[in-house]
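Data block below; observations after.
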Amino acid sequence: MSVKVKVSEVFKSIQGEGIYAGSEQVFVRFFGCNLNCVFCDTKPDSFKEMDIDSVISEIGIYRDCRFISITGGEPLLQKGALKELLLKLKKEGKTIYLETNGVLYEALGEVIQYIDIIAMDFKLPSSTQDKDCSESHKLFLQIASDKDVFVKAVITPSTNTGDVMNAVRIIKGVSAYIPFVLQPVHPREKELTDKLAKLSVKAKDYLYDVRIIPQLHKIIGVR
Ligand code: SF4
């Protein structure tokens, strides 16, 4: 029996976050997440249970685009189905970009050979109002650093400096050259401007590549 995967949507758009913002990608949004971030706007509430070939067919509608974003929710929750999907996509010569909350390091180890780029979230407890995932993030980043990886943290009015500097220490412990993106929770939130600038200066004392990047898709009004 073929493996099924719970997928919420497949669509083409531009990448709105991180250092690849502006790139055209086909997005495959996996259903389900193991975290509960207070600012979440991407946790799907419905899905289709699909076999892998049906997902490949939907992606194939956009055959002019070879850049595939595997996103969620948290795609690594469905690691068996994900592995099968990635195996087939790599055979078709696609470039695989994984968007992940950066916690499920054992699952990452099982699929990393099929992934080209990892966009890893670092969940700051003062931003998410959820649990502290620092230890899992550290183990995850150690595995992810075999690939092209960058780390992104959402900055909100409640984010504290200690949380950000803890992330900085963990990133530096793996490599000071890994890009670190500070993403304001809302693109035009003026009260965050000073905070972002101060955090960026502090992080640059330890890391070579620190950037403030708002969500491009919200600014230009695409999904
Ligand atoms: S990890 Fe991502 S999908 Fe899951 S709750 Fe947080 S923001 Fe939403």
Side-chain angles (χ1 to χ4, degrees), residues 5-11 13-21 25-49 55 68-79 81-82 85 96-109 111-112 115 117-141 143-144 149-160 163-164 166-167 170-171 180-187 189 192 196 212-219 222-223:
V5 58
K6 291 176 182 170
V7 170
S8 295
E9 52 182 348
V10 177
F11 61 100
S13 187
I14 60 156
Q15 176 55 247
E17 298 185 347
I19 67 173
Y20 289 85
Q25 296 183 339
V26 177
F27 293 79
V28 183
R29 188 177 301 288
F30 277 49
F31 176 78
C33 187
N34 50 328
L35 298 183
N36 201 18
C37 309
V38 71
F39 50 73
C40 181
D41 59 3
T42 56
K43 201 168 182 174
D45 51 17
S46 64
F47 64 88
K48 280 193 285 184
E49 204 155 39
V55 181
I68 312 296
S69 176
I70 304 294
T71 190
E74 175 48 55
L76 290 169
L77 279 175
Q78 301 183 68
K79 63 181 180 187
L82 177 61
L85 176 65
I96 306 297
Y97 179 99
L98 175 69
E99 297 191 286
T100 170
N101 61 29
V103 169
L104 302 173
Y105 53 90
E106 288 169 336
L108 176 68
V111 298
I112 193 165
I115 296 167
I117 301 161
I118 300 172
M120 173 191 161
D121 277 3
F122 198 110
K123 299 297 185 185
L124 309 173
S126 54
S127 300
T128 61
Q129 308 294 311
D130 200 6
K131 61 190 172 191
D132 185 347
C133 302
S134 298
E135 264 314 298
S136 302
H137 284 325
K138 183 161 91 179
L139 296 168
F140 192 99
L141 190 55
I143 297 169
V149 60
F150 71 91
V151 177
K152 168 171 64 70
V154 174
I155 307 299
T156 76
S158 65
T159 303
N160 70 46
D163 273 3
V164 176
N166 180 45
I170 287 172
I171 297 166
F180 184 37
V181 174
L182 303 174
Q183 178 179 293
V185 66
H186 298 120
E189 198 151 314
L192 282 177
L196 284 160
I212 298 169
I213 308 180
Q215 290 171 298
L216 179 64
H217 56 293
K218 290 190 179 165
I219 294 170
V222 298
R223 67 193 297 201

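Numbers here are sequence positions counted from 1. Just so you know, ligand 1 is whichever comes first in the structure, and atom 1 is the first atom listed for that ligand. As the structure is a computational prediction, the values presented were derived from the model and not from experiment.
The distance cut-off of 2.8 Å around atom 6 (Fe) of ligand 1 captures these protein N, O or S atoms, sorted by chain and number: C37 SG.
A donor-acceptor pair under 3.5 Å is absent between the side-chain atoms of T128 and the main chain of K123, judged by distance alone. For the pair D130 (side chain) and N36 (backbone), a donor-acceptor distance under 3.5 Å is present. A donor-acceptor pair under 3.5 Å is formed between the side chain of S127 and the backbone N or O of V154.
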Give the intermediate values and the outcome of side chain to side chain contact (heavy atoms under 4.5 Å, CB included) for residues E74 and L35. CA-CA 9 Å; E74 175 48 55; L35 298 183; over 6 Å; no

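A donor and an acceptor atom, one from each side chain of N166 and S134, are located under 3.5 Å apart.
Using cut-offs of 30° and 60° on the angle between ring planes, the pair F122 and H137 is tilted.
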